[in-house]
Amino acid sequence: MCGFVGFVGGTDNQSEVLTKMMDRIVHRGPDMGGQFIDGRVALGFRRLSILDLTEAGAQPMANEDGSVVIVFNGEIYNFQELRSELEAKGYKFHCGADTESLLHGYEEWGEAVLDRLRGMYAFVIWDKKKNKLFGARDIFGIKPLYYYPMADAGDGAPGVLFGSEIKSFLDYPHFHKAVNKKALRPYMTLQYSATEETFFEGVYKLPPAHYFTADIPTGKMNIERYWDCDYSAVEKPFEEYVDELDEVVHESVEAHRIADVKVASFLSGGVDSSYIAACLMPDKTFSVGFDYKNFNETNYAKELSDKLGVENVRKMITADEFFGALEDIQYHMDEPQSNLSSVPLWFLAEMARKDVTVVLSGEGADELFGGYAYYEDTVPVRKYKKMVPLPIRRALGNLALHMPYFKGHNFLVKGAEIPEKSFLGQALVWPEREVDGVLKPEYNTGDGAFELAAPIYARVKGQPELVKKQYLDMNMWLPGDILLKADKMCMAHSLELRVPFLDRKVMEFAEHIPDRYRINENGNKQVLRHAANKSLPDEWATRPKVGFPVPIVYWLREQKWYDYVKEYFTAPWASEFFNTDELMHLLDLHFAGKGDFQRKIYTPLVFLVWYKRFFIDEGQPSVQAA
């Protein structure tokens, strides 16, 4: 639902500037817009109407005396319970929107309101009496929130820009647009922006499960974490976990279906989205595949939809459509992100929006319940762990990490149970040792991926290997890649995506499941698969994870798309960032069928597409900060 922009600053023509910023994100809220300006504080909002479609639910929304004003993006699924509690305390409600429960909740509980929220959210509150801003982001990072501190906001005083998308900042006259030179190095390894400072220098993303307070007179910002996982196993029978999870998921889907508009479901054919669809039983499901050889997985989705008695709407994507959408996709992503699945998701959202305003999907199940292949041990590794004591395996693994790659290297590393030194999550494109050879020195200065992961691993020191891996994915991969692309690709088409697995109640259940019930010799995600089997046939409950398979490995061996990539790799401005001879060498090898370098080609390509869109096609703003 929606998007917001805002600033604390003394720029001329505040309303005009705010309007331009709002226009940048009109796709997030095409139904209506609103502004609030109070001295140096300006709030703007674009609304996608989901709950209470009337003007009464419009934002920015103020309390009765106008001393507290909110802009809010997301949904609070327990807003009705909060409303009842607040009404009992004497608060008056004037609409049916969840925004009002959040607004009055802040009045009653202050920052502690965050402990009571169940939902996906990013919001900023202007508290006039305390002369401060208060903003927060949900515990998983489903909804984005960016900010840009300014030493001089146009009137000689400090200020800040904030909003749902970075691109809205481009229209603020004192925003200085520049590439963050420290962001490219970890991106090349991870395929997404992994630092708190974004690819735009000086622009930061508020981390998931964090809030900020900003003092207006001084400009001082304070950022705090308000929630974290509690991976303490609770012992009870496996079947009891299965039955309880089935109840928890059904209840979460019921909470996530609350809306005054049509709700449908994405469906890939895998267990996660299939389980959500079977719980929801919508009128329609939506699926996409590729019009190329064996890259069409939509038959599974169609077959399940037929079994459920639900209409399945499908689309086949061509190579021309794929490459033709890249520029628009990177514009809407705000930062370069080379997860290939962003492209089919773009077309999936575009297709679904023709029929509905809200869709449910299965994101988050792998991170919560242990669904990724890298979490599992192969049979030889399991035997190795049983036969060889951990100290010896640790010593051999550490030795392997300091040696050039050899046959058996990965076996020894995996058997050592040291994810802090070997596991970076679900994406690994350019190994860190190779990045030096492709980046120009000026852009090879940022932290490495393992340096970024270290403080996250430190918070689960002493936990089992599986917990460490899941926790890293929960804090890096999930918000940095999966959820960001889900939000940006869907909101680009004015479509709200809801993710029932990423629910506070589901998490409170999942974090206590013993590791052996998550993954064992029978496979991964065991509790979830058995729970899903209550609603799904065996074939769907047991199907391995596939994701969105994309045939780019073959397209890059076609002359048309080789030439497309070559144009970017040989552009004069590409050499500012890359050793372009090395990029062309990989492209030529791949084109000749002498290796599979699709990801190593696609990742720098996406950065260059992003850079061209924001820094060449758009140019520099007319006024920049001094």
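FYI, side chains are in, hydrogens and waters are out, and symmetry mates aren't considered; it's all heavy atoms of this structure. Residues: numbered from 1 along the sequence shown.
A salt bridge between Glu303 and Arg543 is absent, with no side-chain N of the basic residue lying under 4.0 Å from a carboxylate O of the acidic one. The pair Arg382-Glu521 fails the salt-bridge criterion, with no side-chain N (NZ, NE, NH1 or NH2) lying under 4.0 Å from an Asp/Glu carboxylate O.
A donor and an acceptor atom, one from each side chain of Asp246 and Tyr275, are located under 3.5 Å apart. Checked by atom type, the side-chain pair Tyr471/Arg459 shows a donor-acceptor distance below 3.5 Å. Under 3.5 Å, the side chains of Lys414 and Thr378 contain no donor-acceptor pair of N or O atoms. Remark: the Glu363 side chain and the Ser361 side chain contain an N/O donor-acceptor pair separated by less than 3.5 Å.
Side-chain atoms of Gln470 come within 3.5 Å of backbone N or O of Glu367 as a donor-acceptor pair. Without hydrogens or angle criteria, Asp487 side chain to Lys143 main chain gives no donor-acceptor distance under 3.5 Å. The backbone N or O of Gly119 sits nowhere less than 3.5 Å from a side-chain atom of Arg504 that would complete a donor-acceptor pair. Arg498 contributes no side-chain N or O that, together with a main-chain N or O of Val358, makes up a donor-acceptor pair within less than 3.5 Å. Of the possible donor and acceptor atoms, none in the side chain of His590 sits under 3.5 Å from a partner among the backbone N and O of Leu586. Listed for the Thr189 side chain is a donor-acceptor partner under 3.5 Å among the backbone atoms of Trp430. Remark: side-chain polar atoms of Glu321 are paired, donor with acceptor, to backbone N or O of Thr318 under 3.5 angstrom. Side-chain atoms of His210 do not come within 3.5 Å of backbone N or O of Leu206 as any donor-acceptor pair.
Between Arg393 and Lys385 the shortest side-chain heavy-atom distance falls below 4.5 Å.
Taking Arg394 as the reference, nothing meets the salt bridge (Lys or Arg N to Asp or Glu O under 4.0 Å) condition, with sequence neighbours excluded.
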